[in-house]
Amino acid sequence: MLNKILDQMKIVFGDDSRRIKHALDVLKCASFLCDSEYPAGTEIKKTVELAAVLHDIGIKQAEALYNSSAPAYQHLEGPPIARSILKKTGLAEDTIERVCHIIGNHHLKSKIDGMDFQILWEADLLVNLPDFPVLNRDFKTYEKMVFNNFKTGTGAQAALDLHGRNS
Ligand SMILES: [Fe+2]
């Protein structure tokens, strides 16, 4: 089932291999966090993986309609596209709505309202951290950012490990 969603994501992103790679990287990271934090077969993993693959799915439409990839436009355009993809899968309605809720708020830390959303937040951040200036700040500043953003032990450790700690 996840493979079908991956195919749909690739169709939406077309020749934008950077976005496809990002979705795959976030999926890999999110799966790792779920496996580390929860027993095998946990329900949360399904929601997290679907959200990971589709979290940025509104970005093309946002750029096409508003000439902007600002979070507000992604949050507006992502859920309807995700819903139309997920509706074809036979997934339970509440799972579909939960995934769409996460996609529709995924840039807003203040909107995190469950561990599924939290893990998506951590996975997206872990994948993006190498490009963020905070990675080059002193370790104390960096550590503060980590503790403000990571709730899972696995995610926090992975984030801390990214910092060279030599400054
Ligand atoms: Fe992302």
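Atoms within a ligand are numbered from 1 in the order they appear, just like the ligands themselves. Owing to the predicted nature of the structure, the values given are computational and were not obtained by experimental measurement. Computed from heavy atoms alone, side chains included, the values below leave out hydrogens, waters and symmetry copies.
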Query raised in the report: For S31 and E49, does a side-chain donor sit closer than 3.5 Å to a side-chain acceptor?
Result: yes
Query raised in the report: Taking atom types as modelled, is there a side-chain donor on H106 or D56 under 3.5 Å from an acceptor on the other?
Result: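 The answer is yes; a qualifying pair exists.
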Report task. Report the relative orientation of the aromatic rings in Y142 and H163; use parallel for angles under 30°, tilted for 30 to 60°, perpendicular for over 60°. Result -> tilted
Report task. Restricting to N/O/S, name the atom of D56 that gets closest to the Fe ion (ligand 1). Result -> OD2
Requested in this report: Could you tell me which N, O or S atom of D124 is nearest to the Fe ion (ligand 1)?
Outcome: OD1
Query raised in the report: Do any of the N/O/S atoms of H55, backbone or side chain, fall under 2.8 Å from the Fe ion (ligand 1)?
Result: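 Coordinating: yes.
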Requested in this report: Could you tell me whether the side chain of F117 reaches within less than 4.5 Å of the side chain of R98, counting heavy atoms only?
Outcome: yes
